[in-house]
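To start, the structure under review is shown below, and the notes come after it.
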Amino acid sequence: MLDCTVPALVLRLDPNNFHHGTLGAIRSLGRAGVEVHGLLGDTDSPTSRSKYLACGHAWPHGGDTGDTGDIVRTLTQVAKSIGRPAVLLALDDAGAIAVAEHAAELRPYYLIPDQVPGLPRALADKRLLAQLCSAFGVVQPETRLITGERDAAAAVTDFGLPLVAKWAQPWLLPTGIGLRNTSLVRRANQVPRLLQHVEGRDLLFQRFVPGGPHSDWFFHGYFDENSRCLYGGAGRKERAHPKGAGLTTYGRWLPNPVVEGTARELAERLGYRGVLDIDFRHDSGRDVYHLLDFNPRLGAQFRLFSDSSGLDLVRAAHLHLSGRRTVRGRAGHGRTYVVENYDLRTAGPKSLPALCSADELAWLSADDPRPFVAMAGQVMKRGFTRLARQRA
């Protein structure tokens, strides 16, 4: 049972109104009786409508969170308003990096993992991650740094199309210019648009690993101060948005000893502590799993891994950081999780069977309906705005 005298603060710098993982964290802890606070990068999030959010705290300077010093100062101010030490949960890479690198300043106010300070930055940076995988002998698709047209042309020639384009430090990408963290390059005429934004940023091209409908996997886990996995599981992406290089819209919890063993061994060798989310793709030709991404924070679909006792990743983190024992229930193998707004965009009417049979939906919940209503309203508003622009 969680210690309900210990509050929690959910931290997200990314101004994504539709980040369902944030809502999942608030609901999970709130339903267990924990007082949940939110420091979120958006100003009009459907998540803020949740009845389980005890208090939402505003960012100063209109939400400009580019300065790490401002992040630490704001976290300190929020902690003082909460009035007692709180479990701090970072929901994006920028937050995880800031918390790890300023842990000494934050620890008097928050309960946080004793993470190696520079490790989250090294793992979230896809260029540094490729170097780490090479050093540790972890299988990863061949990756190259692209600095201009010559590098891009050589990679297209050597890798062929499609290939995968990744921005090495996605948390630094400016909003409003339409760049995705990861995109699938199917045609050569897609390359020039990427090169327009390469100055001052690390662009990577990665060899595409062909995969079938059951090739994409992920592992979520929580690791203690000895890098021992206290809770975790492997899941399979049934669908993603965008297709082939995007977030999980329909996932299934399934046992996978190779994925689970690889993730646990890598975390132990790195000395990793806290929550992580790792993506893999199975190469059926070589019968190997390629590590695609290592996210040093909570994965958005973490609620897929809710066992028979109701334990999940954020509850495991709260138990451990508040000094309580983590007791697992029965694994929910076969459990499914669907993100309604993204899965409908990806699959259209084909999404309906999954929506109707899912064990859990990201937004719709009978005991907390307002976030779903707000999300649906904002999605429709965006759709009408886009349609009006096309007709203008």
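Just the heavy atoms: all of them, side chains too, but no hydrogens, waters or symmetry mates, feed the values below. Numbers here are sequence positions counted from 1. It should be emphasised that the depicted structure is a prediction, and the values quoted were computed from it without experimental measurement.
- A heavy-atom distance below 4.5 Å is not found between the side chains of Leu145 and Asp151.
- Taking the six-membered ring where the residue is Trp, Phe305 and Trp253 present perpendicular rings, their angle passing 60° and hence far from 30°.
- Contact check on Asp44 versus Arg49 returns a salt bridge, with a Lys/Arg side-chain nitrogen under 4.0 Å from an Asp/Glu carboxylate oxygen.
- Between Val116 and Leu270, every side-chain heavy-atom pair lies at or beyond the 4.5 Å cut-off.
- Tracing side-chain contacts under 4.5 Å through hydrophobic residues (I, L, V, M, F, W, Y), one reaches Trp59 starting from Ile82; they form part of the same cluster.
- Looking at heavy atoms from C-beta onward, His102 lies out of side-chain contact with Ile71 at the 4.5 angstrom threshold.
- Screening residues 321-334 for side-chain hydrogen bond (donor to acceptor under 3.5 Å, both in side chains) gives no qualifying pairs among residues at least two apart or on separate chains.
- Annotation: side-chain hydrogen bond (donor to acceptor under 3.5 Å, both in side chains) contacts of Tyr222 (sequence neighbours excluded): His320.
- Taking every heavy atom of both residues into account, Ile146 and Ala155 meet most closely at CD1-CB, 4.1 Å.
- Surrounding CD of Glu149 are at most 12 heavy atoms belonging to other residues, nucleotides or ligands under 6.0 Å away.
- Environment of NZ in Lys51: crowded, with over 12 heavy atoms of neighbouring residues, nucleotides or ligands closer than 6.0 Å.
- Within the 4.5 Å cutoff, side-chain heavy atoms of Asp277 are placed close to those of Asp279.
- Electrostatic pairing of Glu35 and Arg84 counts as a salt bridge here, judged by a charged N lying under 4.0 Å from a carboxylate O.
- How far CZ of Arg281 is from NZ of Lys237: 8.5 Å, rounded to the nearest 0.5 Å.
- Side chains of Trp363 and Asp368 form no contact here, defined as non-hydrogen atoms less than 4.5 Å apart.
- In this structure, Tyr272 has its ring center under 6.0 Å from that of Phe294.
- Around CD of Glu199, the count of heavy atoms belonging to other residues, nucleotides or ligands within 6.0 Å does not exceed 12.
- The residue from Gln206, Arg207, His290 that alone fulfils the side chain to side chain donor-acceptor pair (under 3.5 Å) condition with Glu142 is Arg207.
- From Glu225, atom CD reaches atom CG of Leu230 across 7.5 Å, with rounding to the nearest 0.5 Å.
- In terms of heavy-atom proximity, Ala362 sits nearest to Leu23 at O-CD2, 3.7 Å.
- Taken to the nearest 0.5 Å, the CG atom of Asp14 stands 9.5 Å off from the CG atom of Leu91.
- With no hydrogens or angles considered, a side-chain donor-acceptor pair links Arg315 and Ser28 at under 3.5 Å.
- Between Leu292 and Pro141, the shortest heavy-atom distance links the atoms CD2-CG, 3.8 Å.
- In summary, the side chains of Thr346 and Arg239 do not present any donor paired with an acceptor at a separation below 3.5 Å, with no hydrogens or angles considered.
- Using a 4.5 Å heavy-atom cutoff, the side chains of Phe219 and Leu276 are in contact.
- Here the CZ atom belonging to Arg335 is positioned 11.0 Å from the OG atom belonging to Ser308, to the nearest 0.5 angstrom.
- Annotation: side chain of Leu311 is in contact with side chain of Leu319 (closest heavy-atom distance under 4.5 Å).
- The shortest distance between side-chain heavy atoms of Leu9 and Leu75 falls below 4.5 Å.
- From Ser227, atom OG reaches atom CD of Gln115 across 8.0 Å, with rounding to the nearest 0.5 Å.
- Asp216 and His282 share no side-chain donor-acceptor pair at under 3.5 Å.
- Cluster membership for Leu364 and Val339, using ILVMFWY side-chain heavy atoms within less than 4.5 angstrom, is shared.
- Residues Ala25 and Val10 approach most closely at CB-CG2, 4.3 Å, considering heavy atoms.
- In this structure Asn181 satisfies the side-chain hydrogen bond (donor to acceptor under 3.5 Å, both in side chains) test with no other residue, sequence neighbours excluded.
- By the 4.0 Å N-to-carboxylate-O rule, Lys126 lies close enough to Asp293 to be salt-bridged with it.
- Between the side chains of Ser183 and Arg193, no donor-acceptor pair of N or O atoms lies under 3.5 Å.
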